[in-house]
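Reviewing the structure listed below.
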Amino acid sequence: MNIWGYMRPDGQVGIRNMVAVIPTVVCASETAKHIAERTRNTIYLPNQHGCCQLGNDMQLTTQTLINLGKNPNIAAVLVVGLGCEGVPIKKVADEIAAGSRKRVEHLIIQEQGGTLKTEEKGLRLVRDMIQETQSQHREQTDLSRIILALECGGSDATSGLVSNPVTGYVSDKLISLGGTTIFSETTEIIGAEHIFSRRAKSDEVKKKLLDTVAGCEQKARDLGFDMRGGQPTPGNIQGGLTTIEEKSLGCIYKGGKKQPLNGVLNYAQIPREKGLHFMDTPGQDIESITGMIAGGAQVVIFTTGRGTPTGSPIAPVIKITGNKTTYENMKDNIEFDASPVIDGRESIAQAGERLFQELIEVINGKQTKAEALGHREFGMYKLHSTF
């Protein structure tokens with residue numbers, strides 16, 4: 001099936017065409033923000049980490065920044081560092097360039113002579129990048145080159161009954177056409193992992209999934225909390241969900257019903273093969289979405305029963321709800337109303353076909369409501385406290 005996208009030097013396909021200014025540390029974020037705000041078609045990632053982190057936590061932040069820079073929706077990158085942070089600035093720039101073959105520049109504030117000189121030079125670099133990248137045009141290519149991220153948040157009873165199964169229909173269809181989907185939130189498959197693991201393509205994948213859930217639960221127990229037997233958010237309870245297991249049984253429908261689970265990814269990891277993947281992320285929506293976009297996702301479908309305005313700096317986020325009241329209350333933020341399934345006027349497959357067509361239109365350039373409103377929520381997962 002044909003779509004229209006921006007061809008990247010490494011063979012990937014972008015569905016947006018932006019220049020990214022990526023700060024390697026919170027101390028460089030304001031400078032990066034000033035550069036991005038003065039140029040069109042430019043985004044910056046408000047990184048709040050990058051220093052005083054230890055071991056695998058620092059490695060995760062570094063790898064997440066590198067993989068975000070590689071996302072095909074980004075045409076070129078300016079990396080801005082302070083100069084004394086833990087994240088290696090040049091390594092981030094070099095690995096983005098080596099992995100994606102896109103233009104990547106870097107500036108170090110302490111070497112440039114401070115904020116104003118860095119901003120002046122950064123502005124010139126970004127302006128040149130924009131002139132180069134905005135001359136690119138969409139070309140016809142194949143849908144099989146799309147990675148779709150699947151997220152749920154602010155769930156209610158309709159999420160598991162309608163929104164997640166409709167999204168799962170789209171996931172199954174995209175994979176049947178050669179594409180890839182990633183769904184996430186380890187906390188939200190607790191209690192349903194024994195069911196979902198039956199779809200693993202191998203014993204190795206099944207073991208990794210079960211180990212991932214067990215590790216998540218143990219981490220919570222180490223902090224004195226038991227994730228099972230209780231519902232973690234008051235909003236979910238108000239939406240009609242009674243236990244985390246009930247929520248999880250609805251959550252796994254996002255991964256469809258037909259396709260095997262091909263892999264279990266670490267946070268921000270890029271899948272090596274096509275098909276369905278699960279990524280180990282927290283249930284916190286923004287950190288979860290950021291992880292999947294670092295994993296290469298160009299577009300996101302977000303199901304919600306209670307309603308949320310969430311967007312992303314890098315990828316369009318399509319919002320869907322099965323709750324008619326939520327849709328009417330939040331039309332400014334939610335584009336897809338799946339409540340006809342609840343009313344009995346539409347089947348899961350019929351709503352799934354409508355959502356699939358919406359997905360294709362967004363891939364081909366249609367703005368989502370989150371994009372039109374400028375929602376660019378961003379947050380990266382951390383493993384440990386900052387020291």
Side-chain angles (χ1 to χ4, degrees), residues 148-172 181-200 205-221 223 225-267 276-289 291-292 300-306 308 310 320-323 338 341-342 348 381:
L148 168 66
L150 310 169
E151 180 70 23
C152 61
S155 298
D156 73 354
T158 67
S159 298
L161 291 172
V162 174
S163 301
N164 292 341
V166 168
T167 300
Y169 177 92
V170 173
S171 174
D172 280 340
T181 64
I182 305 173
F183 88 104
S184 60
E185 301 179 283
T186 305
T187 54
E188 304 204 5
I189 66 168
I190 291 174
E193 73 273 22
H194 61 296
I195 297 172
F196 184 52
S197 67
R198 295 171 191 158
R199 292 173 56 191
V205 172
K206 180 178 182 177
K207 182 177 186 306
K208 184 167 183 180
L209 180 73
L210 296 177
D211 287 349
T212 297
V213 174
C216 175
E217 286 194 87
Q218 185 59 51
K219 188 175 181 179
R221 279 196 292 271
L223 295 171
F225 297 96
D226 182 359
M227 298 294 291
R228 298 199 186 228
Q231 177 56 35
T233 71
N236 290 152
I237 294 172
Q238 292 170 10
L241 297 172
T242 58
T243 64
I244 195 168
E245 290 86 353
E246 184 180 47
K247 184 176 178 181
S248 296
L249 289 168
C251 175
I252 62 174
Y253 273 110
K254 294 200 306 291
K257 297 190 295 184
K258 297 180 179 178
Q259 304 293 342
L261 176 65
N262 278 354
V264 178
L265 306 169
N266 299 325
Y267 186 83
L276 177 66
H277 293 75
F278 179 80
M279 180 178 285
D280 180 21
T281 76
Q284 205 256 41
D285 303 334
I286 310 304
E287 292 182 1
S288 177
I289 289 174
M292 291 188 286
V300 182
I301 293 179
F302 190 121
T303 76
T304 180
R306 305 280 294 167
T308 174
T310 298
I320 164 177
T321 184
N323 187 318
V341 179
I342 291 285
I348 294 290
Y381 180 45

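Values below: every heavy atom of this structure, side chains too, minus hydrogens, waters and symmetry copies.
For the pair Thr187 (side chain) and Pro282 (backbone), a donor-acceptor distance under 3.5 Å is absent. No donor-acceptor pair under 3.5 Å is formed between the side chain of Asp280 and the backbone N or O of Thr186. Not a single donor-acceptor pair under 3.5 Å links the side chain of Ser163 to the backbone N or O of Thr304.
Listed by first then second residue, pairs satisfying ring pair (Phe, Tyr, Trp, His ring centres under 6.0 Å) with a partner in residues 237-267 read Tyr267-Tyr381, not counting sequence neighbours.
Note: Leu261 CG to His277 NE2 = 8.0 Å, rounded to the nearest 0.5 Å. Within the model, atoms CG of Asn323 and CZ of Arg306 stand 8.5 Å from one another, a figure rounded to the nearest 0.5 Å. With rounding to the nearest 0.5 angstrom, the CG atom of Leu249 is 12.5 Å from the CD atom of Glu188. Between the CD1 atom in Ile190 and the SG atom in Cys216 there is a gap of 4.5 Å [rounded to 0.5 Å]. Asp285 CG to Phe302 CZ: the interatomic distance, rounded to the nearest 0.5 Å, is 4.0 Å. With values rounded to the nearest 0.5 angstrom, Asp211 atom CG is found 12.0 Å from Lys206 atom NZ.
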Going through the distances and angles, do Val341 and Ile348 end up as a side-chain contact (heavy atoms from CB on, under 4.5 Å)? CA-CA 6 Å; Val341 179; Ile348 294 290; 3.8 Å; yes
Kindly indicate, with the supporting measurements, whether the criterion side chain to side chain donor-acceptor pair (under 3.5 Å) is fulfilled by Ser288 and Glu185. CA-CA 7 Å; Ser288 177; Glu185 301 179 283; 5.0 Å; no
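Listed by chain and number, the residues in a side-chain contact (heavy atoms from CB on, under 4.5 Å) with Asn266 are Lys208, Gln269 (sequence neighbours excluded). Partners of Ser159 according to the side-chain contact (heavy atoms from CB on, under 4.5 Å) rule, which considers only residues two or more places apart in sequence or in another chain, are Ser155, Asp156, Asn164.
The two residues Thr281 and Ser184 make their nearest non-hydrogen contact at OG1-CB, 3.4 Å. Taking each heavy atom of Glu287 and Gln284 in turn, the nearest pair found is N-OE1, 2.9 Å. Here the closest non-hydrogen pair linking Gly305 and Thr158 is CA-OG1, 4.3 Å. Between Ala200 and Val205, the shortest heavy-atom distance links the atoms CB-CG1, 3.8 Å. Of all heavy-atom pairs spanning Ser171 and Leu276, the tightest one is OG-CD1, 4.2 Å.
With a 6.0 Å radius and a threshold of 12 heavy atoms from other residues, nucleotides or ligands, Lys258 has its NZ atom at or below the threshold.
With contacts defined as side-chain heavy-atom distances shorter than 4.5 Å, the pair Phe183/Ile189 qualifies. Contact of the Thr310 side chain with the Glu151 side chain is not registered, since no non-hydrogen atoms from C-beta on lie closer than 4.5 Å.
Counting only N and O atoms by type, the side chains of Thr167 and Thr303 include no donor and acceptor under 3.5 Å apart.
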